[in-house]
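Each remark here refers to the structure printed beneath this line.
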Amino acid sequence: MKVSLVVPTLNESGSVSELFRGLDSAAAELPSGWEFEVIVVDDGSTDGTPEIVRSLPSGFTKKVIERKERGLATAVLRGFAEAEGDVLGVIDADLSHPTHKLPELLRRLENNELVVASRNIPGGEVEEWPWYRRFMSWFATLLTRPLGIRVSDPMSGYFFLRRRVFERAEFSPLGYKILLEILVKAKVTSVAEVPYVFRNREVGKSKMGSRETVNYLRHLAKLYSWKVLG
Ligand SMILES: Nc1nc2c(ncn2[C@@H]2O[C@H](COP(=O)(O)OP(=O)(O)OP(=O)(O)O)[C@@H](O)[C@H]2O)c(=O)[nH]1
Ligand SMILES: [Mg+2]
């Protein structure tokens, strides 16, 4: 079994070293015989993120892809396209997603096509978000319900899926929410959710701004019309 983990990066020089240390520990916990590769997809960082990643020691295979374009969701798809694994996954580079949950997420994939790390089930939470960000996240999730999505955290950026799910559909996401795109288009037969605590980023800057809110609404509109018109 081979696992390919995509790490999208945009100016994350302050956190990639610690992320890679966490990934090394997590990879060491995988069943023997399992292979692990990490694919960093960088969209023009100006802080040396790709160079730092290349210089980091790691006990797993590492690829660094540098793109000219921008966009979190398309960066993840590019990583999946370059991946060699039977299992594909994503994790943010800013340490918001705990690497120690990785073995549990992969275990749950044994009986499921997709496993989502969720903030919205018992045991899961966001460490500290102001009320308006909580509200935005709740409201954005509510807007996905008419699409038939029953996952508690369809906005999650931390998930794993079987390769066949990625190969089942054509994706054309806009903005950030690649999981939502996959849940709507790939007709996933079984989804498991594993709770986790989302840590606020301590270094680097957020790329989530009003532009991404507009992108999200445009993406939703596209998904609604895809659902209705086919
Ligand atoms: N390759 C690529 N990565 C991106 C892009 N935008 C964001 N990222 C990365 O995607 C991950 C999530 O972005 P964040 O800015 O942390 O967004 P967020 O988690 O919603 O918001 P905060 O944690 O509050 O900053 C991080 O690893 C970013 O470096 C992009 O356009 N291209
Ligand atoms: Mg983040």
Side-chain angles (χ1 to χ4, degrees), residues 4-23 38-54 56 62-83 88-99 101-102 116-120 124-141 144 153-159 171-181 196-219:
S4 301
L5 181 65
V6 174
V7 183
T9 58
L10 190 54
N11 295 325
E12 301 292 3
S13 60
S15 55
V16 281
S17 309
E18 192 176 333
L19 175 74
F20 269 61
R21 279 196 293 279
L23 293 177
V38 171
I39 303 169
V40 171
V41 184
D42 189 273
D43 285 357
S45 290
T46 51
D47 67 348
T49 299
E51 293 75 20
I52 294 170
V53 169
R54 282 196 190 91
L56 289 173
K62 183 173 65 185
K63 285 183 195 158
V64 181
I65 299 166
E66 292 185 67
R67 301 199 310 164
K68 295 270 181 287
E69 60 266 54
R70 280 271 167 97
L72 174 51
T74 57
V76 172
L77 289 180
R78 173 69 189 279
F80 285 173
E82 306 275 342
L88 312 175
V90 194
I91 190 167
D92 280 0
D94 60 357
L95 308 175
S96 286
H97 298 152
T99 49
K101 281 279 174 178
L102 207 141
V116 180
S118 171
R119 297 163 282 197
N120 302 334
E125 61 173 311
V126 172
E127 220 173 34
E128 44 177 310
W129 264 3
W131 69 267
Y132 57 86
R133 189 141 184 209
R134 279 176 200 274
F135 173 79
M136 290 282 280
S137 181
W138 172 81
F139 189 60
T141 304
T144 67
D153 196 354
M155 305 296 142
S156 180
Y158 193 15
F159 62 91
F171 303 107
S172 51
L174 227 166
Y176 255 47
K177 304 303 177 190
I178 182 60
L179 176 61
L180 182 61
E181 174 85 7
Y196 83 102
V197 178
F198 182 97
R199 263 176 68 192
N200 270 353
R201 66 158 65 240
E202 281 171 18
V203 290
K205 283 207 188 86
S206 177
K207 286 96 210 169
M208 182 75 201
S210 49
R211 206 182 111 103
E212 287 310 330
T213 308
V214 174
N215 273 337
Y216 176 65
L217 294 173
R218 288 174 59 213
H219 189 195

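One-based numbering, in listed order, for ligands and for the atoms of each. The figures that follow rest on heavy atoms only: side chains count, while hydrogens, waters and symmetry mates do not.
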Report task. Run the numbers for me: atoms of ligand 1, each under 4.0 Å from some heavy atom of Val41, listed by number. Result -> 1 (N)
Requested in this report: Give the numbers and elements of all ligand 1 atoms closer than 4.0 Å to a heavy atom of Ala75.
Outcome: 1 (N)
Students should be able to answer this: which protein heavy-atom is nearest to [atom], and at what distance?
| atom | answer |
| --- | --- |
| atom 23 (O) of ligand 1 | Asp94 OD2, 3.1 Å |
| atom 22 (P) of ligand 1 | Ser206 OG, 3.5 Å |
| atom 19 (O) of ligand 1 | Asp92 OD2, 3.5 Å |
| atom 10 (O) of ligand 1 | Leu72 CD1, 3.3 Å |

Requested in this report: Give a yes or no answer on whether the side chain of Asp43 reaches the backbone of Gly71 with a donor-acceptor pair at less than 3.5 Å.
Outcome: yes
Query raised in the report: Gly71: heavy atom below 4.0 Å from ligand 1, yes or no?
Result: yes
Query raised in the report: Glu212 near ligand 1, heavy-atom distance under 4.0 Å?
Result: no
Query raised in the report: Ser45: what forms a side-chain hydrogen bond (donor to acceptor under 3.5 Å, both in side chains) with it, not counting sequence neighbours?
Result: Asp42
Report summary line: Listed as residue and atom, the protein N/O/S atoms under 2.8 Å from the Mg ion (ligand 2) are Asp94 OD2
Counting heavy atoms only, which of [options] comes nearest to [atom]?
| atom | options | result |
| --- | --- | --- |
| atom 21 (O) of ligand 1 | Glu69, Lys205, Arg133 | Arg133 |
| atom 5 (C) of ligand 1 | Asp42, Thr9, Leu10 | Leu10 |
| atom 13 (O) of ligand 1 | Tyr158, Tyr176, Trp129 | Tyr176 |

Requested in this report: Return the orientation label for the Phe135 and Phe139 ring planes: parallel under 30°, perpendicular over 60°, tilted otherwise.
Outcome: parallel
Query - Mutual orientation of the aromatic rings belonging to His97 and Tyr158 [parallel < 30°, tilted 30-60°, perpendicular > 60°] - result: parallel
**Report entry** Location of contacts on Glu12 toward ligand 1, heavy atoms closer than 4.0 Å
**Finding:** side chain
Query raised in the report: Do any nitrogen or oxygen atoms of Phe198 lie less than 3.5 angstrom from nitrogen or oxygen atoms of ligand 1?
Result: no
Query raised in the report: Can an N or O of Arg201 be found at a distance shorter than 3.5 Å from an N or O of ligand 1?
Result: yes
